[in-house]
There are 2 protein chains.
Amino acid sequence: MRMEILTKGDNEGVQKDIIEKLRDLIDYKNLEPGDKLPSERMLSEKFGVSRSNVREAIQKLEFFGILKSKPQSGTFIANIGQIAMKGMLEDILKLEDPGFKSLVETRILLELKTVKLASLRRTEEDLQKIRETLDAYKEKVLNGKDAVQEDLLFHLAIAKASKNSTMNTFMLIITPEIITNFEKYHVCDSDQSFMGIQEHEDIFEAIKKQDPQLAREKMKVHFKTLYQYCYNT
Amino acid sequence: MRMEILTKGDNEGVQKDIIEKLRDLIDYKNLEPGDKLPSERMLSEKFGVSRSNVREAIQKLEFFGILKSKPQSGTFIANIGQIAMKGMLEDILKLEDPGFKSLVETRILLELKTVKLASLRRTEEDLQKIRETLDAYKEKVLNGKDAVQEDLLFHLAIAKASKNSTMNTFMLIITPEIITNFEKYHVCDSDQSFMGIQEHEDIFEAIKKQDPQLAREKMKVHFKTLYQYCYNT
DNA sequence: GAATTAAAATTGGTTAACCAGATTGGTTTG
DNA sequence: CAAACCAATCTGGTTAACCAATTTTAATTC
């Protein structure tokens with residue numbers, strides 16, 4: 001499931017229907033956090049869908065922290081408060097698919113932070129890993145080859161060095177969609193990559209020097225070039 | 001599944017084992033993006049696990065955009081390039097559970113951005129929704145009640161008004177864990193909430209005036225109070 | 001009548017059989 | 001020889017039966 005599963009689900013709306021019915025049930029029965037939901041069997045019968053579909057919907061709500069399944073016991077509403085739970089349910093149902101702009105905006109935000117954190121927190125091992133991805137990138141570019149993947153691995157290595165697991169996870173979630181869109185819109189073709197080498201080197205040097213402000217500046221420059229290439233063609 | 005599923009999986013490591021085996025298989029068979037994976041049945045037999053476990057592992061990798069299942073056809077490696085795919089697989093296997101610090105850091109980063117975007121992009125309807133959550137928050141606080149949930153719904157309403165679906169999704173993902181940790185560490189108990197009212201009002205006014213810089217400043221003030229309360233007790 | 005224990009029912013998880021649509025290979029047909 | 005066709009096969013998805021752990025209920029004991 002790509003990111004779309006957060007909105008569409010596997011079956012193009014079936015999950016959404018089930019979540020809506022679950023919300024109605026919670027409202028109708030006035031279920032509160034900590035309460036037990038009816039069993040999967042009862043829900044599948046009540047909603048007229050398969051038990052697997054019910055399970056998938058429950059898993060999705062578990063992912064968002066609203067439900068919690070206990071083996072051989074039942075599915076419970078998480079202890080996040082009734083109002084928060086209901087508000088979040090509504091928000092989840094209204095989630096839209098992220099467009100390219102949304103992804104790029106978020107990526108830039110995340111990376112301007114991860115590069116600062118990486119400057120402060122990177123170990124020597126992190127630094128070496130980043131260096132390796134940078135060398136792989138350089139080799140590809142100097143041989144005139146496409147290096148979009150190596151580019152992104154460099155950025156992911158920085159995210160990992162930031163020591164912030166949440167941001168690292170989020171970067172991993174959006175990266176494949178970024179790649180897909182880059183290839184779709186032919187961003188990052190060969191010629192601008194030569195500039196990219198120096199930009200990457202600058203970022204690496206700033207992280208090595210443990211200068212967060214400089215690192216952020218260099219990352220900003222890097223994204224500016226990307227942006228220009230992206231929107232001026 | 002809470003956020004931990006991104007690292008642990010449902011069965012505390014079974015999924016991780018399967019993903020490692022999938023990685024080895026991809027290496028061994030030298031599978032490239034676009035190639036078809038062996039069928040779920042074959043994989044479950046080859047790995048000595050149930051087909052459901054294989055399906056869950058595949059779903060997880062679909063979520064991260066590395067695989068793509070086509071009904072009645074097969075599971076394929078996404079077109080994100082072989083190097084990116086392999087690098088991401090390694091990163092996913094190494095993901096750690098996010099601690100409280102990681103969550104708060106990410107939340108602040110996201111919200112300082114969403115509040116700026118909301119200032120620029122909010123419709124009248126968005127504004128009204130934000131107002132409603134603020135009023136609900138005020139009422140609770142003025143009655144001396146706990147208002148953590150209403151607080152967070154206010155922030156989620158801003159995220160929604162930012163019109164950035166990715167950031168909105170990420171906010172929804174981290175919110176339940178934030179709530180859980182807040183209650184765990186007794187952050188945000190009643191007395192500081194009175195300050196919170198004015199801070200929320202200030203943020204609301206900035207969004208209403210469509211002044212992104214002011215909105216960001218007021219949000220920063222809001223988080224500073226939170227931080228102080230959080231770490232000085 | 002209260003505490004203890006055992007058995008019956010209920011639960012999420014697992015397994016295996018089944019389904020409809022897609023794929024494939026060989027055959028037929030022009 | 002190529003294109004069209006069809007049936008056998010393979011696919012992810014679905015369904016239903018099954019499992020072991022848990023929870024509830026009822027019986028037993030003091």
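Naming: A, B, ... by sequence-line order, numbering from 1 per chain.
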Next item on the list: Go through the N and O atoms of the side chain of B:Q72 and the base of C:dG21, and report whether any donor-acceptor pair is under 3.5 Å.
Entry: no
Notebook entry, point to check: To the nearest angstrom, how far is A:L37 atom CG from C:dT11 atom P?
Noted result: 11 Å
Next item on the list: Determine, using ring centers only, whether A:F154 and A:Y137 are less than 6.0 Å apart.
Entry: no
Next item on the list: Give a yes or no on whether a salt bridge exists between A:K140 and A:D151, defined as a side-chain N under 4.0 angstrom from a carboxylate O.
Entry: no
Notebook entry, point to check: Considering heavy-atom distances to DNA chain C, does B:K36 or B:V49 have its closest nucleotide positioned more toward the 5' end?
Noted result: B:V49
Check: Counting any heavy atom closer than 4.0 Å, what does B:S39 reach on the DNA or RNA strands: base, sugar-phosphate only, or nothing?
Finding: sugar-phosphate
Notebook entry, point to check: Should B:S73 be listed as having a side-chain N or O under 4.0 Å from OP1 or OP2 of D:dC10?
Noted result: no
Notebook entry, point to check: OP1, OP2 of C:dT14 versus side-chain N and O of B:R51: anything below 4.0 Å?
Noted result: no
Next item on the list: Indicate yes or no: does A:D126 engage A:K163 in a salt bridge with an N to O separation below 4.0 Å.
Entry: yes
Checklist line | Distance, rounded to the nearest Å, where B:Q59 contributes CD and D:dG13 contributes C1' | finding: 11 Å
Next item on the list: To the nearest Å, give me how far apart CG (B:L43) and C1' (D:dG12) are.
Entry: 12 Å
Notebook entry, point to check: How many Å lie between CE on A:M42 and C1' on C:dA9, as a whole number?
Noted result: 14 Å
Check: Between B:R23 and B:E90, is the closest basic N to carboxylate O distance under 4.0 Å?
Finding: yes
Margin query: I need the NZ-P distance between B:K70 and D:dG13, as an integer number of Å.
Written below: 13 Å
Item checked: Ring geometry between A:H155 and A:H222 (parallel below 30°, tilted from 30 to 60°, perpendicular above 60°) -> parallel
Item checked: D:dG12 OP1/OP2 closer than 4.0 Å to side-chain N/O of B:T75 -> yes
Notebook entry, point to check: Can you check whether A:R41 has a side-chain N or O nearer than 4.0 Å to OP1 or OP2 of C:dT10?
Noted result: no
Notebook entry, point to check: Taking CZ from A:R55 and C1' from D:dT14, how many angstroms apart are they, rounded to a whole number?
Noted result: 14 Å
Next item on the list: Let me know the distance between NZ of B:K68 and P of C:dA22, rounded to the nearest Å.
Entry: 15 Å
Checklist line | A:E40 CD to C:dG13 P, straight-line distance once rounded to whole Å | finding: 6 Å
